[in-house]
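Here's the structure we're looking at; comments come further down.
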Amino acid sequence: MAATVLFWILLAVAVIILALLLALYLIPVTVSTVADCRRESALATATVAWGIVGGRVRVGDGVGVLEVLLAGRPVVTRDLEKIATGAPEPPKEKKAEERGPALSLSDYIEAASDLWPHLKRVLEAVYRSLYLETLRGNVTLGLDSPADTGAIYGYCTAARYALRPVEAIDFVMTPVFNERIFAGTFILKMQIRRPLLILVAVVRTLWQKPVRQRLRQLSGRGAPGA
């Protein structure tokens, strides 16, 4: 009887793990950002969603809010200022973790050189998973110098025509030469497809002992060869 119960428990755990891995492979992570800047106000919203679960940050007019989303609806809301200032201080009587000697610039450069081949593989996995849906910008710009405004307008126009074949990207700038102004909107929507492949690349990188040793060295908790 006990063996049968254990079998069904292990089977249920295996099914849940396989379902989670399949979801991580098939369901993309959606990232969207909307920013709106006006003369009297500015508002920016960033949303990250995976399936029915997500998070959203809204900042503007001196207010910052972090929301946990379920099926697009906020279920938990927290004030960013309270989160930043309300963290409890660590107990003073707790002994601080021993740290190694301070690293020099050459140590950081050497560590970065050693880690770059591994980090490159992770970045390649991220790049292959990115899919840009929309990148839109509509800006009204006026600087103190009309010449500077005209120069920036020329660069933006040239970039716009260069990127015209990419349908997902469109940026429009309207120059104003008689006043100083910055206003406009910015919209970014992209997907991280097959996030499981990124997690696999990260795990494979961290699984290697030289990488863990270098990371411990950079954190001050160890040294190469430890």
Side-chain angles (χ1 to χ4, degrees), residues 26-85 112 116 119-120 122-195 197-198:
L26 295 178
I27 302 177
V29 175
T30 303
V31 180
S32 61
T33 301
V34 179
D36 185 36
C37 180
R38 302 298 175 187
R39 292 177 182 269
E40 66 280 357
S41 64
L43 176 65
T45 303
T47 305
V48 178
W50 181 66
I52 63 173
V53 181
R56 180 169 60 198
V57 176
R58 294 187 291 114
V59 180
D61 296 333
V63 178
V65 176
L66 171 64
E67 298 173 326
V68 178
L69 306 177
L70 186 62
R73 297 178 177 271
V75 293
V76 178
T77 302
R78 293 289 184 270
D79 186 272
L80 290 177
E81 184 177 357
K82 291 182 179 180
I83 294 176
T85 60
W116 171 245
L119 180 60
K120 182 180 178 181
V122 175
L123 294 177
E124 289 175 348
V126 173
Y127 177 75
R128 289 193 298 266
S129 299
L130 291 180
Y131 174 76
L132 180 64
E133 291 185 350
T134 301
L135 178 59
R136 297 281 188 269
N138 192 332
V139 175
T140 300
L141 178 66
L143 303 177
D144 293 330
S145 171
D148 293 340
T149 303
I152 295 178
Y153 174 69
Y155 292 138
C156 291
T157 301
R160 180 188 181 189
Y161 282 103
L163 296 173
R164 173 164 287 186
V166 184
E167 296 182 357
I169 302 178
D170 187 23
F171 184 83
V172 178
M173 175 186 166
T174 302
V176 177
F177 298 101
N178 57 356
E179 64 175 321
R180 183 176 181 180
I181 182 176
F182 178 81
T185 58
F186 174 83
I187 300 175
L188 169 65
K189 293 182 180 180
M190 62 185 300
Q191 289 184 355
I192 302 176
R193 297 180 172 180
R194 297 181 176 84
L197 300 182
I198 299 176

- Query: Which pairs pass salt bridge (charged side-chain N to carboxylate O under 4.0 Å, His left out) with one or both residues in residues 133-145, sequence neighbours excluded?
  - Reply: Asp144-Arg180
- When every non-hydrogen atom of Arg38 is compared with those of Ala183, the smallest separation belongs to CA-CB, 4.3 Å
- Note on the structure: One should read off an interatomic distance between Asn138 CG and Ile187 CD1, to the nearest 0.5 angstrom, of 9.5 Å
- How about Leu143 and Phe177: do any of their side-chain heavy atoms sit closer than 4.5 Å? no
- Message: I need the Arg160 CZ to Tyr153 OH distance, nearest 0.5 Å.
- Response: 8.0 Å
- Message: What verdict does the side chain to side chain contact (heavy atoms under 4.5 Å, CB included) test give for Leu130 and Ile192, after you've listed the backbone C-alpha separation in whole Å, the side-chain angles of each residue and the deciding distance to 0.1 Å?
- Response: CA-CA 5 Å; Leu130 291 180; Ile192 302 176; 3.8 Å; yes
- What is the minimum heavy-atom distance between Ala168 and Leu132, and which atoms define it? CB-O, 3.9 Å
- Message: Working to the nearest 0.5 angstrom, can you tell me the gap between Phe182 CZ and Cys37 SG?
- Response: 5.5 Å
- Euclidean distance, Glu124 CD relative to Leu197 CG, rounded to 0.5 Å: 13.0 Å
- Side chains of Val48 and Val29: closer than 4.5 Å at any heavy-atom pair? yes
- Please round to the nearest 0.5 Å and tell me the distance separating atom CD1 of Ile152 and atom OG1 of Thr157. 11.5 Å
- Query: How close do Thr149 and Met173 get, heavy atom to heavy atom, and via which atoms?
  - Reply: O-CE, 4.1 Å
- Test log, rule side chain to side chain contact (heavy atoms under 4.5 Å, CB included), inputs Leu135 and Leu163: CA-CA 11 Å; Leu135 178 59; Leu163 296 173; over 6 Å; no
- Can you tell me how far the CZ atom of Arg193 sits from the CD1 atom of Ile27, to the nearest 0.5 Å? 14.0 Å
- Message: I need the minimum non-hydrogen distance between Phe186 and Leu188, along with the two atoms involved.
- Response: CE2-CB, 3.9 Å
- Query: For the residue pair Pro195 and Trp50, what are the closest heavy atoms and their distance?
  - Reply: CG-NE1, 4.4 Å
- Nearest non-hydrogen partners of Gln191 and Thr30, listed with the distance: CG-OG1, 4.3 Å
